[in-house]
Each structure stands twice: as structure tokens, then as C-alpha cells.
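What follows is a set of notes on a single structure, which appears directly below.
None of the values given here were measured: they were computed from a predicted structure. Letters A, B, ... mirror the listed sequences (proteins, then strands); counts begin at 1.
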Amino acid sequence: MSIYDSLNEEQKKGVFTTEGPVLLLAGAGSGKTRVLTHRAVYLIEELGVNPYHILAITFTNKAAGEMRERIDDMVGYGSENIWVSTFHSTCVRILRRFIDHIGFGTNFTIYDTEDQKTIMKDICKRLEIDTKMYKEKSLLAAISSAKDELISPEAYALRAQGDFRKMKEAAVYREYQQVLRKNNALDFDDLIVKTVELFQSDMEVLDYYQERFRYIMVDEYQDTNTAQFQLIKLLAGKYKNLCVVGDDDQSIYKFRGANIYNILNFEKEFPNAVTIKLEQNYRSTQNILNAANGVIANNVGRKAKRLWTENEEGEKIAFHQFETGFDEADYVAKDIRSKVREGMYHYGDCAVLYRTNAQSRLFEERFITASIPYKIVGGVNFYSRREIKDLLAYLKTIDNAMDDLAVRRIINVPKRGIGATTLSRVQDYADENGLTFYNALKMAEEIGTIGRASAKIRPFVMLIQSMRSKLPYISVSELLQEIIEETGYVRELEAENTEEAQQRMENIDELISKAVTYEESEEEPTLSGFLEEVALVADIDSVDETQDYVVLMTLHSAKGLEFPQVYLAGMEDGLFPGFGAICAENPTAEIEEERRLAYVGITRAKERLSISCARMRMIRGETQYNKVSRFVKEIPRELLAGTIQKEKMPDIPKPSMMAKNAFSAKPMALRRTGVPEARNFGNSAMKKPLDYAVGDTVSHLKFGTGVVKQIIDGGRDYEVTVDFSGVGVKKMFASFAKLKKL
DNA sequence: CCTTAGAATCTTTTT
DNA sequence: GATTCTAAGG
């Protein structure tokens, strides 16, 4: 009896075919991670391959961590030498060692999207670019996709010949790269691009890594872009023991440059490649799988594949259409609660998946009132919160003052009375003398143009210098404490005495404990090491399976995960598939990508799947009326319980809001403003009698308790004015505020 | 130099 | 609706 006996024939083939290129087409839930881990174990234990020679690349840190853990459990000894990590951290590790070969310092910083925007704004100003015509965001997007395709600024300019817009973009691209180089910084895309550049220009370094990584495995291969493909190709160029695992039906990152041809043309690129298909699904019930198959079958140009399962048929897929997004959230909350009460599921078994992050808010509010424990994945990344970025900027400046951006961020935080005029004069001085911004600050007294302001700059420089001198003697967490103490950062927040400041202080505590965790986990903790780890985390990495909470996240974040009970919310044309896809110049391709996303969503469910949508939904402050998603209609009817008809919530008496909704059949939301029907919508018929009056005390989800000051009959709805203690006076519409009389 | 109120923009998805 | 940007007043 060996650990390999539990694998099916195809899985075994994937494990034992260790030499040469292998393409593993693994359908959803077909046990691909098992194959990858067993394969690593097989290499080490049976073939005697030194773990040092194995590289496994995954998409997220979470996936990497899981894979490492599973291998650790199976291999007794030495498995810690396997290199399991994401594309980005793999590249950082390589670049930290060798990037000086291509003219960067090995202590480079990594810019996040916010940093990129700041840089871009600056560039647009300097190049006198009209940001009405060329939005910073779209310029950055153009640069990013160029990098995904390994197109240099020069090549971009060459291609742009004759196209005015493209030529402008090329100029910006060139300038952008120069600024990054000057700041010794790389953006996310550069991590890959520069590694490829390094390998192409330095045969010795390439050879070193080719020798090291004799066996390479790549997970989620369908989401690699051209640059990542090139990287893999270079690394595997010598031994060609490359095993890629992917599913073309789950390719959902085209917007980020994922190149589907990497998987579709793998056999062309590696002529003697062995292709293995894993088609048996171990995750979902037959009904769920059939639903997924029904949807994805509408895509053309996919690799032939038919998922099947020996699992039982299972329950039908629940489908509900609600009046509003509120009702939908209400239903999900109630359903989860009753399932937990019945003892059928734990909170941790349930996931709510949606297309856009904005949808999380309704669920969050409902879950709070229903006291359901939950965790929202995504949205604003922990490390991009203001207070966290401020403190990190201090750390960066102490670590490596070459990062002008970090220095500029904190020079006046907390307020030191240093304003924009002074800063631009310092910048001019720095430019004239070829100094970094920080070095110019150090010489503030020499700068004639700033006068008395130099007295304000001096204490800042002293602070940084003194921190830096302490660096060898104290840990990262101690350094953080020191910064907080010296700058009075937390003291200021305390003084604010608001809910928001409280939250920020909690986040700061969280950051300190992350630093402590880092120090404990690392053998040789360094400040640079900490900053690096922090730069590359995704939100999904923090999901902890052992905790009992419902997770809420976008379909994109859900890839690679599975849950016994899944709620697929907001299945509406216009939201999912989104407008972007419906109105795109190439709708077919975009709709197909959305359809793959739907496929990913459906296949996350193991036992129960509940699909829902709302007729009416607030998006960006505007009310939209949406039809049921076309993807729902692609699910074979007999698999659905419930109908694509109007459905009322049983226990919440709602005034019939759509008494005569003649227009619900039309895609109303396609027309955004000035639609007469939409304006008329809900005349006095929708007005629900209020159970409170002026002078009553009421409670509100967000604002807490307050006293009703005024009620105005606005025709279609009541406008209620409430004075909330501590928050102030708020005006709101009764039907949306959901005020409760106390 | 800093604070504030109103305008503008945004949303598809993220390492 | 919420966040971010801009212009004017203090």
C-alpha cells in the first residue's frame, strides 16, 4: 500500500511522468493539487531528486502555503528546500540577488498601484499631458499590458509610428521607466519583466537557475501572461522537465494579460509534450456539475473536455429572484442562519460569491444585524490603508532612502508645517544636483530658496538618521513602536477620538503583530525582508479555514477554493455579465470570459448551490433594473428548483413596489439617465406607512440611535431627518434607511 | 500653510 | 454611495 494507490489512472500518469514537458488539463475539482503534491513527493522519495532542484509556482501565497504544507506532511525530511512560491515572490528572490547585473540596486523597492498613480500624475504634469484626454489610469493600463507582452518602451514607440495616441503613450512609458529606475523601484509587472531581462542578458545567471530548477511545476497555468510564459520557458530551457497544470475553462484573468494561447498552444511550443486530462470531479454533486457543464458548453474554442463524477445527484440548485439587493442579502442571511441552526452546516462551510466588490456592502450590513460571523476578502487591501502605508513609508525611508515616494509621503505626516512650495523647491535642488529627494533634504541648509523652512526639515532628517543608527540593535516591531512613539502618530489618532481613528489604531496594532509574526517565522529577520513580504501579499492569503465564519468574496478571489454551500449572488445581466462585457467592441470574447467566471463560481460548490438575483439594484448611487443573467438560463431547467419568475420574500411584507412593472422585461439599466419610466418608478403605491413619528427614538444600521426631527412626505417616499447622537443630523429616504423604532 | 466644501469620477475583476 | 480632487477661505 503506497500513497499513490489512492490516485486514479490519469492522476497517476501525471505523477509518474516526470521527465519532459507535461500538460495537465485538470478540470475543476479533479484533484490537481493532489497530483502536484504527490508528484513532488514522488520525485524526492522515489527518484531521489534533491528537493533543492524542484520549483513549484502558484498564483497566490495561500496556494503556495497549502502546497508546501501538504508536501511537508508527506515527505519526512528535507522538503523545506523545495522552492514553492508565487511568480512574483520567485522573481523578487532572484532579483534581490542578481538585479545589480542589469543596473538596479539589490535593495530596490516595490511600487504598488497607488505609488504608480502618484508617479504617473507627476509625469503627466511634467510632460504637460492633458489628463482629460489621457487618463492616468488608462496610461498605466497601457504600460501594464505592454509589460505583460514584454514590449519595451522602445518597441512600443516603434509600433506606435503614425498613431498619435500611441506615440504619446510611448513617451510616457519611457519616462515612467526612467523615474522608476531613478528611484530604484520596480512595479509588479517589472518583477517579471526584469527577471526575464536578467536571464536574457546574463547567461551565467540563467544557467545557474536552470541547473538549480531541474523540475518545474506551474499551477493555474491558464492565467499566465506572455512575460510569465517566457520566464518559465527560459528556466525550463535546459532540462525541459516542465509540468504545467491548468484548465482553459477557468481562465479569468485576460484583463491582466493572461494569454490563453499559453495553454492552447503548449503542445506546439513543446513538441514532445505529454498531455494528460483529468476529467473526474471529486468535489461537486452531479447536479452542480451538470449545471456547470451546461453553462460552459456555450463557449466555443475550448479544449474538448467533459467533467463527470461518481458523486450522488444531490440537491437541485436553488434559484431566487428578489425585488431588491436588500431582499437578496436578507434571504442569504436567513438561509445561512437556518442551515446553521439545523446543524446542517457551520458558518465556515458557506461562501457568498459576487461579481464586484461593491456588492459586499449589503451582505455585510445584513450579517451584522443577524450576528452572523463573516469575513470579507478583497476590497481595500490591508496594506494599502492610509495609516499602514504611512508607517511602511517610514520603514522604507529608514531602510533605503532612495525611494523618493516614501519620503515625500511622510515628510509632512504628522504635520511638520512643510508645504508644497518647500517640497517643490527641494525637488528642484535635488534635480539640479542629481541627488535623491532625501539627500537634498539632508542639505536643506544649503538650499538658498527655502529660507526658514529648512528649520522645519531638520528635525525630520534627524529623526530618520537616529532611527537608522538604531537599526542594527532593534527588531522591526520595536522599530515600529519607536516610530509611533517618536512621531506621535497614535497619540494624534487618540486625540481625534472618532470611530475611524479607533479603527486605524487597531490596524496599526495589527501591523505590529504582523511584524512580530514575521520575526518569529524568519530565521534572519531583516527590515528589508519584512517590507518585501508585505509588498506581495494578497487579501485571500489571510483566509483561515479553521475559523468558523462565512466568507464573502469576488468570483475572481474564489478561484481554487471550495465550499459545501455556495451562494452565487447578483446573477443579473448588466452586473454579471457586466455592462463592460455586453457593450464591448468584441462582446463574444468578453462574454466568454464572464462565462468562464460563472463556471468557476458554480464549480466552487460541493453540496449546495444557491443562485440569486434582484430586479432592482443600486449601483453607483443609481437604481438599475436588470434581467436575470443569461448564464442562469444556460443551466438546464430540470436542475433548478424555483423559477425565473417573480418571487416574494415570505416573511417580510413588502409593499408591491413594482405594481405594474411593464418595463421589467426591458433592459432598463442600459439607459442610465433621463429614462422617464425609471423616474416615475414607484409612485405613492410603494410608500410604506412609517411606524415612527417625529420625536421617536430610532436605530439605524450604521449611525446607531437617534431622534427623528422631521418627516417630509416626498410623494414617492418619505424623507426623514434624524439627529444621531455622536454622528449628527442625517437626511434619508425611509424605504432605504430601514429605521427601527425603539 | 492648512482646512473645508463642493465637484468629479468611479467599478469589473488583482499579483 | 464613496472616495478622491480642486479651489477658495482662514
Side-chain angles (χ1 to χ4, degrees), chain A residues 57-64 85-92 110-114 116-118 121 131-132 135-138 141 144 147-148 186-192 220 223-225 227-228 251-258 325 353-362 365 377-381 383-386 412-423 452-453 456 534-541 553-559 570 574-584 590 593-594 596-598 600-601 617-624 672 702 732-733 736:
Chain A
I57 298 186
T58 61
F59 212 65
T60 63
N61 292 303
K62 185 172 190 283
S85 73
T86 63
F87 269 106
H88 294 269
S89 25
T90 301
C91 288
V92 172
I110 301 165
Y111 278 175
D112 65 13
T113 19
E114 199 190 319
Q116 290 179 287
K117 251 199 217 150
T118 314
K121 239 187 248 161
T131 50
K132 282 268 172 339
K135 296 254 189 301
E136 284 101 345
K137 254 188 122 175
S138 63
S144 178
K147 288 182 179 178
D148 289 342
L186 302 184
D187 64 20
F188 281 127
D189 301 314
D190 280 341
L191 294 177
I192 316 286
E220 308 284 13
D223 288 324
T224 51
N225 61 33
Q228 289 163 334
S251 161
I252 55 174
Y253 281 106
K254 192 147 146 264
F255 72 94
R256 212 168 62 189
L353 309 182
Y354 37 75
R355 180 68 238 270
T356 66
N357 276 309
Q359 288 166 258
S360 65
R361 216 190 89 244
L362 289 179
E365 285 172 359
V377 177
V380 207
N381 189 315
Y383 291 102
S384 34
R385 287 162 212 262
R386 197 207 314 161
N412 202 29
V413 176
K415 301 262 181 310
R416 298 187 175 88
I418 304 166
T421 340
T422 310
L423 290 185
R452 286 200 315 277
K456 292 173 179 167
V534 148
L536 296 173
V537 295
D539 212 32
I540 190 75
D541 299 336
M553 64 186 132
T554 62
L555 289 151
H556 282 90
S557 303
K559 195 182 60 160
L575 186 62
F576 185 34
F579 282 124
I582 295 171
C583 309
E590 302 235 355
E593 171 118 343
E594 298 270 308
R596 289 193 289 271
L597 200 50
V600 168
R617 185 182 292 277
M618 276 272 253
I619 295 175
R620 260 166 53 200
E622 260 186 300
T623 309
Q624 289 189 1
R672 312 201 93 169
K702 249 199 349 282
M732 55 195 70
F733 284 111
F736 281 81

Quickly work out the [X] [atom1] to [N] [atom2] distance and round it to whole Å.
| X | N | atom1 | atom2 | answer |
| --- | --- | --- | --- | --- |
| A/E593 | B/dT12 | CD | P | 14 Å |
| A/R385 | C/dT4 | CZ | P | 12 Å |
| A/I192 | B/dT14 | CD1 | C1' | 13 Å |
| A/K415 | B/dC1 | NZ | C1' | 10 Å |
| A/L555 | B/dT14 | CG | P | 10 Å |
| A/D190 | B/dT15 | CG | P | 18 Å |
| A/E136 | B/dC10 | CD | P | 10 Å |
| A/N61 | B/dT15 | CG | P | 9 Å |

Looking at A/E593 and A/R596, is there a salt bridge between them, counting it only when a charged N and a carboxylate O are closer than 4.0 Å?
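Counted as a salt bridge, because a side-chain N and a carboxylate O are separated by less than 4.0 Å.
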
With a cut-off of less than 4.0 Å, is there a side-chain N or O of [X] near OP1 or OP2 of [N]?
| X | N | value |
| --- | --- | --- |
| A/S89 | B/dT15 | no |
| A/N412 | B/dC1 | no |
| A/K254 | B/dT13 | no |
| A/T554 | B/dT14 | yes |
| A/K117 | C/dT4 | no |

If you look at every strand shown and take non-hydrogen atoms under 4.0 Å, does A/K62 touch a base, only sugar-phosphate, or nothing?
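Nothing: the residue A/K62, judged by heavy atoms under 4.0 Å, touches no strand.
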
Remember a base hit wins even if backbone is also touched, and classify A/N357 as base, sugar-phosphate or nothing at under 4.0 Å, heavy atoms.
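Sugar-phosphate contact only.
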
Candidate pair A/R256 and A/D148, rule salt bridge (charged side-chain N to carboxylate O under 4.0 Å, His left out), full reasoning:
CA-CA 8 Å; A/R256 212 168 62 189; A/D148 289 342; over 6 Å; no

A/Q359-A/T356 side chain donor-acceptor pair, cut-off 3.5 Å
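Yes.
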
When you match A/G417 and A/H88 each to their closest nucleotide on DNA chain B, which lands nearer the 5' end?
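Its nearest nucleotide lies further toward 5', so the answer is A/G417.
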
Hey, which sits more toward the 5' end of DNA chain B by its nearest nucleotide, A/G419 or A/T60?
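Its nearest nucleotide lies further toward 5', so the answer is A/G419.
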
Non-hydrogen atoms of A/S89 and A/N61 that approach each other most closely
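Looks like OG-OD1, 4.1 Å.
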
Return the stacking result for B/dT13 and A/F255: yes when the ring centres lie under 5.5 Å apart and the planes under 30°, no otherwise.
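Yes.
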
Suppose you measure atom C1' in C/dC5 against the same atom in B/dT12; what distance do you get, rounded to whole Å?
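Those two atoms are separated by 23 Å.
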
State which of B/dT13, B/dT11, B/dC2 makes the closest approach to the side chain of A/K137.
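Selected nucleotide (nearest to the side chain): B/dT11.
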
In terms of ring plane angle, is the pair A/Y253 and A/F59 parallel, tilted or perpendicular, where the classes change at 30° and 60°?
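Plane angle between 30° and 60°, so tilted.
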
